[in-house]
S.K.: 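First the structure, which I've put down as structure tokens, then a few questions once you've had a look.
Residue numbers begin at 1 in each chain, while the letters A, B, ... track the order of the sequences. Side chains included, hydrogens not; waters and symmetry mates left out as well; all remaining heavy atoms used.
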Amino acid sequence: MAQVAEHLDGTTAHDNHDAHDHHHKETFITKYIFSTDHKMIGKQFLITGIFMGLIGMVMSLLFRLQLAWPEQSFPILETLLGKWAPDGVMDPNIYLALVTIHGTIMVFFVLTAGLSGTFSNLLIPLQIGARDMASGFLNMVSYWLFFISSVIMVVSLFVEAGPAAAGWTVYPPLSALPQAMPGSGLGMTLWLISMTFFIAGSLIGSLNYIVTVLNLRTKGMSMTRLPLTIWAFFVTAILGVLSFPVLLSASLLLLFDRSMGTSFYLSDIFIGGQVLEHAGGSPVLFQHLFWFLGHPEVYIILLPALGITSEVISTNARKPIFGYRAMVGSILAIAFLSFIVWGHHMFVTGMNPFLGSVFTFTTLLIAIPSAVKAFNYITTLWKGNLQLTTGMLFSIALVSTFITGGLTGIVLGDSALDINVHDTYFVVAHFHIVMGLSAIFGLFAGVYHWFPKMFGRMMNKPLGYVHFWITFVCSYGVFFPMHFLGLAGLPRRYYANTAFPMFDNLVDINVLISFFAIAGGIAQVIFLFNFFYSMYRGKKAEQNPWRSNTLEWTTPVEHIHGNWPGELPTVHRWAYDYSKPGAEEDFVPQTVPLQPGEKATGH
Amino acid sequence: MIGLLTVVVVVLAILAIVQIVRVFELSSEVRKDDERENQLKANDYNGKLMLLFLVLMMGGFIWGTIAWWDIMLPKAGSEHGVKTDNLMALTMIVIIAVFMITQPLLFYFAYKYRGVTKNQKAEYIEHNNKLELIWTTIPAVVLAGIILYGLTTWIDIFSNEFDEEPIYVEVYSKQFGWNARLAGEDNKLGYANVRYIKGANIMGVDPDDINALDDRVVSELYLPVNKPVVFRFRSQDVIHSAYMPHFRLQMNCVPGTTTQFAFTPTVTTSEMRQDKGVMKRVDNINKLRMEAGEEDMYEFDYVLLCNKICGSAHYNMQMKIVVVEESEYNDWLKKQTTFAEAI
Ligand code: HEM
Ligand SMILES: [Cu+2]
Ligand SMILES: [Cu+2]
């Protein structure tokens, strides 16, 4: 294995093939920009993701201003939005554009690339005992495709008619016809091009992760000894490879409909005073293709967060993760089921009621493996010796939001109930809690936990705690009340609720939500500060600060190309021998051979 | 100038914070704080905060449910709506029960097992087949119940079996408004396609179809109570969604195809206005409107909202629906111009 890795390393990074011995001779460009080192690429994904996340968050605060104080004048809106907020009053078109780009950025750029990209890159080679990814070069390409796609997405904010505004789901015909809304002009074209780059990058990355996990595990690291993080990243990569190409096809067909006069999604349309030529297409076809990716996508977001949590909770509970096999089994079950439930987003598109029944059935089935995961997390805490580090707190918060959001999924997955809550704020509450919050908490848990591995320094603890508590409280404060808005019948993607007097009693709640949102937003400044401050000035990290079992903590604090100075480590046990009776310490790293008379855990 | 000042202030603020954090960290280094000792203290107060959070969360949940009970939709105005509401009530009871069990367990364990002493030890528990079997089986059984109940309701809603001949109504959407077309005396809707749109024929009805001649196009819809209605939905341009929350009814309007939803309204608009729950909501809304300086008062009406993003005025795309006794409906219908007259 080691030879394979070295060999690949040597051929792909040939311009610095002696990197092992004199990695300090790397130039700035090869070390920080066009790096082929997985640790550096992971950091690149993280910093790009944080930057995009900042944009997405500021956007959400802007439209929260509008939702709480509709059509009132805010100077900040005029400053930031210019002509789209004459006299500080937000224009309806830019409201929709902000919501759209906010959703797109959060889902794809932050929680797919920023989360999975960061931690798959950082942890896969380190935790399986490999010198780097199977192909460092493709790994670099993957990041740069993501970077280009981010640049295009940001550039699209500045086009004359505004960025894409048809919702992050870009349903045609709205997204296909520039006559339908200003955002469906150049802005939409750029959105589609950006996503094309994004998907290409994501596919290359995922293939790399899969190959690496399958081929480059060090001696003794059998699949059943893999830490749950790796299982999660591995299955996530498979999901991505199987589903993203479908979105790519869907986007390409949409591009054809937009610019070459084809009619995949368009038929019988009268707009802007004239009938269009298009005939025979089906807008619902796009939705099938979109959600064939879209649903697995929510697990592409969630599984890595769950993997991170498993690792962080087990380490900090000083206890093995409860039911390792059940955890792996439920990851696999969730992944499989996630491909046959996409129709639950389309119950009211006029689909055949029988088909609706099938999708209800498969959707509610997912609750079973999800419940197993939730119970296993809770039981891992039980009788533990909990070290409540910031990473641990975010992991516990994740379990809480995963449960809360998962439960409302039972309402939405039930076709008969979905009729009345579909596309209301109940949905906004559900997906933000189960996917948005859980995954963001997973991301934070990962950053706080592996920061010492990434930067060789510790993050500031008190600032971390302050950040956690404000964020956690505000998260529930923002999204929990939205359930009630949804049950009041309030549709999502409304610029203002003032056109319907029946919603006048929702003003207070909307103000409350916006206050929480603003406070939560400010708390992120604490995180940003802590992150960049600690990167340069934080306390120097020890080699294994959390007294953890996994292999990444056996590498030196100083990053070196190839990860381990000498030979690759050999693995003798699973990753979860915490507080094992008979052991001297409350952790036994995977590299420690079984003691005479020690019973191997059945893995 | 102000911009520059802001930048300067922000930079100075950041520098100040850097220094404060720096001093803080150095002083803890000088004090030679034991890292583990420190973590134990942090475990202690964060564990307690976890418990406090649990109390706040449960309190907030209960408070919100009580305080906001009356903003949620009032009773259903349709036959299937009542069934949906029952299903919803049962599902809610189940998920709230699970919420009320699992969240306290999670946060209580986080508090109870926080590491507070140096020699606290975790118990080594890998798995427990019996427990795992239990918490796989219980959700499976409960879900089986919910699935069965849900699917029966769903199939019931879309069964399209009527005791009497239903009324056919076409609901037509476009940026940014609604129209409805009633089938007229023959109770048959004439053929329509956007290619026929011309002048007064705003819905693109085929003028050569004899079924179309007695159709009536309206912009405010009356429906007779307790008669089955079949809605056929069409769209002229982009996807819209016809959402009638008080009927618990929603269906997308998709260009190039028609979709359908059959239902029976069971409560007239005036009965609904007399309903206690509705009155309470309306009074509250009017109080708030007065405080906000609104002139006209709100009165309950069934509404049709657009619930699929469709462009800049998506948020203001509505049609009033009035449910009346059958005789009143017939009077109203007679007054509407037929398609033949309109063109
Ligand atoms: C600062 C915290 C956040 C706030 C205050 C916030 C708020 C909102 C609001 C009010 C909407 C508009 C709902 C509508 O009109 O349909 C929205 C949409 C959305 N948000 Fe967030 N959000 C936040 C964070 C996130 C995160 C972390 C995610 C990641 C999953 C996310 C994903 C989305 C998506 C996918 C949409 C739908 C966009 C669309 O309708 O096209 N948001 N958000
Ligand atoms: Cu889904
Ligand atoms: Cu609409």
Side-chain angles (χ1 to χ4, degrees), chain A residues 92-93 167 171 173-174 180-181 267-271 275 283 318-320 323 326 348-350 353 357 364 367-368 371-372 375 378 381-388 396 399-400 403 407 410-411 414-417 419-420 423 484 487-489 491 493-496 499 501 504-505 579-581, chain B residues 21 43 46-47 68 71-73 84 87-88 91 95 98-99 102 105-106 109-110 113-115 120-124 126-127 132 135-136 139-140 143 147 150-151 153-154 158 194-195 197 236-239 245 248 250-252 254-256 259 284-285 288-289 298 305 307 309 311-312 315-316:
Chain A
N93 282 304
Y171 285 1
L174 185 61
M181 65 182 343
S267 185
D268 297 344
I269 291 170
F270 181 99
I271 195 165
V275 177
R318 314 308 297 162
K319 254 188 92 199
V348 294
T349 54
S357 308
L364 295 191
I368 299 172
V372 169
F375 285 125
I378 295 178
L381 298 185
W382 177 57
K383 298 197 174 172
N385 171 18
L386 309 185
Q387 305 303 310
L388 297 173
I396 295 173
V399 178
S400 170
I403 295 174
L407 286 172
I410 294 176
V411 173
D414 197 331
S415 48
L417 295 177
I419 295 171
N420 198 50
D423 264 346
F484 294 91
L487 295 175
R493 294 167 173 171
Y494 266 23
Y495 159 70
D504 278 356
N505 53 0
S579 305
K580 196 170 190 183
Chain B
V21 175
N43 292 343
N46 279 296
W68 297 331
I71 66 150
M72 293 187 274
L73 286 169
T84 321
L87 176 64
M88 183 70 158
T91 312
I95 66 176
V98 178
F99 178 78
T102 48
L105 278 181
L106 175 71
F109 286 173
Y113 298 107
R114 68 195 191 284
Q120 180 168 335
K121 210 154 163 38
E123 201 163 310
Y124 185 85
E126 281 170 43
H127 66 127
E132 284 174 88
W135 64 53
T136 316
L143 279 169
I147 293 177
L151 290 186
T153 314
W154 168 253
F158 284 102
V194 290
R195 283 162 222 280
I197 293 177
Q236 168 175 307
D237 37 40
V238 301
I239 301 177
R248 314 290 189 260
Q250 172 163 219
M251 184 54 71
N252 290 169
V254 185
T259 50
N284 182 29
I285 289 175
L288 292 167
R289 283 176 77 82
Y298 166 63
L305 309 89
N307 198 14
I309 182 172
S312 58
Y315 71 101
N316 186 9

S.K.: Nearest heavy-atom pair of B:Arg289 and A:Pro501: which atoms, and what distance?
M.R.: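 So the minimum-distance heavy-atom pair works out to NH1-CB, 3.3 Å.
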S.K.: Does any backbone or side-chain atom of B:Asn316 lie under 4.5 Å from a heavy atom of chain A? Answer side chain, backbone, both or neither.
M.R.: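 For B:Asn316, backbone and side chain are both near chain A.
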S.K.: Taking every non-hydrogen pair under 4.5 Å, which of A:Pro581, A:Pro320, A:Pro92 racks up the most with chain B?
M.R.: A:Pro320
S.K.: Can you sort out the partners of A:Ser267 under side-chain contact (heavy atoms from CB on, under 4.5 Å), two or more places apart, ordered by chain and number?
M.R.: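 Per chain and number, A:Ser267 pairs via side-chain contact (heavy atoms from CB on, under 4.5 Å) with no residue.
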S.K.: Considering only heavy atoms and a distance below 4.5 Å, find which of A:Ile269, A:Asp504, A:Ile419 pairs most often with chain B.
M.R.: A:Ile419
S.K.: Does any heavy atom of chain B fall under 4.5 Å from the side chain of A:Phe484, the backbone, both, or neither of them?
M.R.: both
S.K.: Just so I understand: if I count every heavy-atom pair under 4.5 Å between each of A:Ile271, A:Asp414, A:Val411 and chain B, which residue has the most?
M.R.: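 Winner by heavy-atom pair count: A:Asp414.
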S.K.: Sequence neighbours excluded, which residues qualify as side-chain contact (heavy atoms from CB on, under 4.5 Å) partners of B:Ile147?
M.R.: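 For B:Ile147, the residues satisfying side-chain contact (heavy atoms from CB on, under 4.5 Å) (neighbours in sequence not counted) are A:Phe361, A:Leu364, B:Leu151.
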S.K.: Among A:Ser415, A:Ala326, A:Ala496, A:Pro283, who wins on heavy-atom pairs under 4.5 Å with chain B?
M.R.: A:Ser415
S.K.: Check each atom of B:Thr259 against the heavy atoms of chain A and say whether the ones under 4.5 Å are side chain, backbone, both or neither.
M.R.: side chain
S.K.: Quick one: do A:Leu381 and B:Tyr113 satisfy side-chain contact (heavy atoms from CB on, under 4.5 Å)? Show the steps, please.
M.R.: CA-CA 7 Å; A:Leu381 298 185; B:Tyr113 298 107; 5.6 Å; no
S.K.: Can you tell me how far the CD1 atom of A:Ile368 sits from the CH2 atom of B:Trp135, to the nearest 0.5 Å?
M.R.: 15.0 Å
S.K.: For B:Leu106, is it the side chain, the backbone, both, or neither that has a heavy atom closer than 4.5 Å to a heavy atom of chain A?
M.R.: both
S.K.: Treating B:Asn43 as the side-chain partner and A:Leu388 as the backbone partner, does any N or O pair qualify as donor plus acceptor under 3.5 Å?
M.R.: yes
S.K.: Looking only at atom types and distance, does a side-chain atom of A:Lys319 sit under 3.5 Å from a main-chain N or O of A:Trp382, one as donor and one as acceptor?
M.R.: yes
S.K.: A:Val275 versus chain B, heavy atoms under 4.5 Å apart: side chain, backbone, both or neither?
M.R.: side chain
S.K.: Heavy-atom distance under 4.5 Å to chain A: side chain of B:Thr91, backbone, both or neither?
M.R.: side chain
S.K.: Counting only non-hydrogen atoms closer than 4.5 Å, does B:Glu132 touch chain A with its backbone (N, CA, C, O), its side chain (CB onward), both, or neither?
M.R.: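 For B:Glu132, the side chain is the part near chain A, not the backbone.
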S.K.: Check each atom of B:Leu87 against the heavy atoms of chain A and say whether the ones under 4.5 Å are side chain, backbone, both or neither.
M.R.: both
